[in-house]
Amino acid sequence: MNAAERERYSRQILFPGIGERGQQALLESHAVVVGCGALGSFHAAALARAGVGRITLIDRDFVEPSNLHRQWLFDEADANDALPKAKAAERQLARINSSVTVRGQVADLTPSNVAELLGDADVILDGTDNFDTRYLINDFAVSRGIPWVYGAAVGSYGLAMPVIPGKTACLRCVYPDPPGGVQPTCETAGVLNVIVSAVASMQVADALKILCGRWEGEVSHITRMDLWNGGIRQTPTPARDPECPTCGRRDFPFLKPASRPPVSLCGRNAVQIHERERPIDLLALRARLELVGEVRANEFALRFSTPPYEMTVFPDGRAIIKGTADTGIARSLYARYLG
Ligand SMILES: [Zn+2]
């Protein structure tokens, strides 16, 4: 560490949990943030300010005006230019801390690119908005022994949980299967901006502890918070399940390409998402979507318009998204409105 670094990070070095050794470890570390929206853009800024030497940001979306109330790193110019979030964040982080190396990847994390994008991470932060990607991260992280930190927020409620492979329960020990049906999302249920920063802060604190080598002997916790109705509760993560398909049997089904609902181009400007085992209650979905756009539904199909896109959803979970030929955008819209 040189004199400028020692001065820049002096208040962090004074904090005994980090110290000079911890700071040196942060400077030599690589953190990967998956999803650079509400949670991820906060992670990215905090990690850059803390001096984490290499930061990779993965996101498939563009900045929109409706992101700005909670996505701390972006501004009106980014939304007006519809910049990819990974690139807008990369640019902003260079202004915050020009000495860290930031790589913004405009990509949809899939079984086929997960090794390339996450392979040399020292820690992975979950800034995603969907369970497909979280179960993929969990399988990959456990298979390679890379710690990761799960986080989620909707409404005024959120939770965070670190996963240290071989030491703590993994995501599938706690939630054996992804939830079925339609889940509340920030797009359908709204979100309070400060629950996002609170959850993201918990995740970054765990990531810094992991990178500084301060995890040994710690008990890991699930933190659940509701910043509107009150209540912050931390409970130790449950014990590892020896029968867990991921960390017990080491089966890793989400790393197999077939585990993801396939996506195909369908016509000139439309994408079909072939969900196979996700029955959807179309009338319940209509009730959620009526709050945010124009929607029509009967028992056979639901059509939802969110210009420039139009989404048609079928009871088996299949969907056709018109208005794009980009499969990443189609998956993103599906995750936003169906969870
Ligand atoms: Zn497990």
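Numbering of ligands and ligand atoms starts at 1, following listing order.
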Audit row: Asn130, Thr128, side chain to side chain donor-acceptor pair (under 3.5 Å) steps and yes/no
CA-CA 6 Å; Asn130 67 90; Thr128 69; 4.8 Å; no

Under a 4.0 Å N-O cut-off, is there an ion pair linking Glu90 with Lys87?
yes

Would you mind counting protein N, O or S atoms that sit less than 2.8 Å from the Zn ion (ligand 1)?
4

Non-hydrogen atoms of Gly119 and Ile146 that approach each other most closely:
O-CD1, 3.9 Å

Between Val204 and Val33, is there a shared hydrophobic cluster once you connect ILVMFWY residues whose side-chain heavy atoms come closer than 4.5 Å?
yes

Cation-pi check, Arg331 to Tyr334: give yes when NZ or CZ is under 6.0 Å from the six-membered ring centre and within 45° of the ring axis, no otherwise.
no

Assess the residue pair Asn138 and Phe254 against the criterion (side chain to side chain contact (heavy atoms under 4.5 Å, CB included)); give the C-alpha distance rounded to whole Å, side-chain angles, the decisive distance to 0.1 Å, and a yes or no.
CA-CA 9 Å; Asn138 188 60; Phe254 293 92; over 6 Å; no

